[in-house]
Enquirer: 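Handing you a structure now.
To find a chain, count down the sequence lines: A is the first, B the second, and so on, and within it residues start at 1. All values reported here derive from a predicted model rather than from experimental measurement.
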Number of protein chains: 2
Amino acid sequence: MVLPDNIPADMEREINEKGGLESITLKIPSRELLNRIAKIHQALSDVIRLKIMFFLYEQRACVCLLRQITSLAYSKLSYHLKILRDIGLITYEKSGNYAIYSLTDFGKFCIENCIAASGDYRGEE
Amino acid sequence: MVLPDNIPADMEREINEKGGLESITLKIPSRELLNRIAKIHQALSDVIRLKIMFFLYEQRACVCLLRQITSLAYSKLSYHLKILRDIGLITYEKSGNYAIYSLTDFGKFCIENCIAASGDYRGEE
DNA sequence: CAAGTATTTCAAATTATCTTAAAACATCTT
DNA sequence: AAGATGTTTTAAGATAATTTGAAATACTTG
């Protein structure tokens, strides 16, 4: 990979000090990993799903309880639960009629990151 | 907020031990904050934008350099840069003709979270 | 100020995500 | 087995995000 014809001199110097473009781009995660990171963020990019995640961070819950918390129809809720489930943020166990949902360890980790970041989430839009 | 008519007994006990549904739901971030968190995740839910973020984590860059790294048309690149800029993940300074982009502190924080999580990003889909 | 380079904006076309209501499944109760 | 309850699936339409290419802006240099 070659540098563009004319780029600012100080930037070019920085890049060369780091061993050139190649060695910088080597540090970028693989397309596969970027894809996975993208999908996880996608799963957490919806207010409904975040509300579910934050609730489950405090308390495991059957779907009927989540229905009450969110005021959503079952089918809609189920759609969002599936997205969180498929990406590995939540899991569930059956208990009679009920499906009892809870966060996976990875789900907890993500919500804790959100909480840690919340101080920095001041809107600058 | 009242509990649904029939929920599993052990779940009901857990909820009561935490002071009931109200005190649990009080811990969920406000709709405003959830909205902001959702938008940030949305901004990071695209492979192109993640690639830009990870590159800028290593090295500030003008748009023409990012164009080379990503092999995108300027207009498309500019669209994605705007999304990252608007949410406060990246910033830029003009230097002559060039716009030199770099991560904000918050952007760095987010990418560091991604890196920390990468160990856990094993696909279970 | 005209021409060149770097970057952004715009609107139309495309694609992805979300919502809705109806139907299907699973488990429990009688 | 039939009815009730809890949950998921499906397919259609509605909404939102992305892509594309052309035109616009901004700065620089001769």
Enquirer: Rounded to the nearest 0.5 Å, what's the gap from CG on Leu66(A) to NE2 on His80(A)? Could you check?
Expert: 12.5 Å

Enquirer: Give the rounded distance in Å between these two atoms: CD1 of Ile83(A) and P of dA16(C).
Expert: 15 Å

Enquirer: Would you jot down, in residue-number order, the residues of residues 43-66 of chain B having a non-hydrogen atom under 4.0 Å from DNA chain C?
Expert: Cys62(B), Val63(B), Cys64(B)

Enquirer: Cut-off 3.5 Å, no hydrogens considered: what does the side-chain donor-acceptor table look like for residues 102-111 of chain A, sequence neighbours left out?
Expert:
| residue | atom | partner | partner atom | Å |
| --- | --- | --- | --- | --- |
| Thr104(A) | OG1 | Gly88(A) | O | 2.7 |
| Thr104(A) | OG1 | Leu89(A) | O | 3.1 |
| Thr104(A) | OG1 | Phe106(A) | N | 3.4 |
| Thr104(A) | OG1 | Gly107(A) | N | 2.9 |

Enquirer: Drop me the distance from His41(B)'s NE2 to Ser45(A)'s OG, to the nearest 0.5 angstrom.
Expert: 8.5 Å

Enquirer: Using a cut-off of less than 4.0 Å, is there contact between a side-chain N or O of His80(A) and OP1 or OP2 of dT17(C)?
Expert: no

Enquirer: Have a look at Ile7(B) and say if it touches a base, only the backbone sugar-phosphate, or nothing, with a 4.0 Å heavy-atom cut-off.
Expert: nothing

Enquirer: Any N/O pairs under 3.5 Å between the protein and nucleotides 25-30 of chain C? List them or say none.
Expert:
| residue | atom | partner | partner atom | Å |
| --- | --- | --- | --- | --- |
| dT27(C) | O2 | Asn97(A) | OD1 | 2.9 |

Enquirer: Could you check which residues of residues 67-77 of chain B get a heavy atom under 4.0 Å from DNA chain D? Sort them by number, please.
Expert: Ser75(B), Lys76(B)

Enquirer: Whole angstroms only, please: what is the OH-P distance between Tyr79(A) and dT20(C)?
Expert: 12 Å

Enquirer: Can you name the nearest heavy-atom pair linking Ser118(A) to Ile37(B), along with the distance?
Expert: OG-CD1, 4.3 Å

Enquirer: Quick one: CD1 on Ile69(B) to CD1 on Ile24(A), what's the gap to the nearest 0.5 Å?
Expert: 7.5 Å

Enquirer: Minimum heavy-atom separation for Leu21(A) to Leu65(B), with atom names?
Expert: CD1-CD1, 3.9 Å

Enquirer: Search all heavy atoms of Ile40(A) against all heavy atoms of Ile87(A) and return the closest pair with its distance.
Expert: CG1-CG1, 3.7 Å

Enquirer: Test of understanding: with side-chain contact (heavy atoms from CB on, under 4.5 Å), list the residues that count as partners of Ile83(B), not counting sequence neighbours.
Expert: Ala43(B), Arg49(B), Tyr79(B)

Enquirer: Which value, rounded to the nearest 0.5 Å, describes the distance between Met11(A) atom CE and Ile15(A) atom CD1?
Expert: 4.5 Å

Enquirer: Mind checking the CG-CD1 spacing from Leu72(B) to Ile48(B)? Nearest 0.5 Å is all I need.
Expert: 5.0 Å

Enquirer: Angle, rounded to 10°, between the helical axes spanning five pairs at each terminus of the helix from dC1(C)-dG30(D) to dT30(C)-dA1(D)?
Expert: 20°

Enquirer: Heavy atoms of chain A, cut-off under 4.0 Å: which first and last nucleotide of DNA chain D, 5' to 3', fall inside that, if you could look?
Expert: dT5(D) to dT9(D)

Enquirer: Please list all pairs meeting side chain to side chain donor-acceptor pair (under 3.5 Å) that have one or both residues in residues 19-34 of chain B, counting only residues at least two apart or in different chains.
Expert: none

Enquirer: Of all residues at least two apart in sequence or in a different chain, which pass the side-chain hydrogen bond (donor to acceptor under 3.5 Å, both in side chains) check with Lys82(A)?
Expert: Asp86(A)

Enquirer: Mind checking if Tyr92(B) touches a base, just sugar-phosphate, or nothing, with heavy atoms under 4.0 Å?
Expert: nothing

Enquirer: Starting from P on dA6(C), measure out to CE on Met11(A) and report it in whole angstrom.
Expert: 12 Å

Enquirer: Quick one: side chains of residues 92-101 of chain A, donor-acceptor pairs under 3.5 Å with protein atoms, not counting sequence neighbours, listed by atom name and distance.
Expert:
| residue | atom | partner | partner atom | Å |
| --- | --- | --- | --- | --- |
| Tyr98(A) | OH | Asn6(B) | O | 2.6 |
| Tyr101(A) | OH | Arg85(A) | NE | 3.2 |

Enquirer: I need the Leu56(B) CG to Ile90(B) CD1 distance, nearest 0.5 Å.
Expert: 6.5 Å

Enquirer: Holding to side-chain hydrogen bond (donor to acceptor under 3.5 Å, both in side chains), I want the full list of residues that pass it with Glu14(B), two or more places apart in sequence or in another chain.
Expert: Gln59(A), Arg60(A)

Enquirer: Would you please name every residue forming a side-chain contact (heavy atoms from CB on, under 4.5 Å) with Asn35(A), sequence neighbours left out?
Expert: Lys39(A), Val47(B)

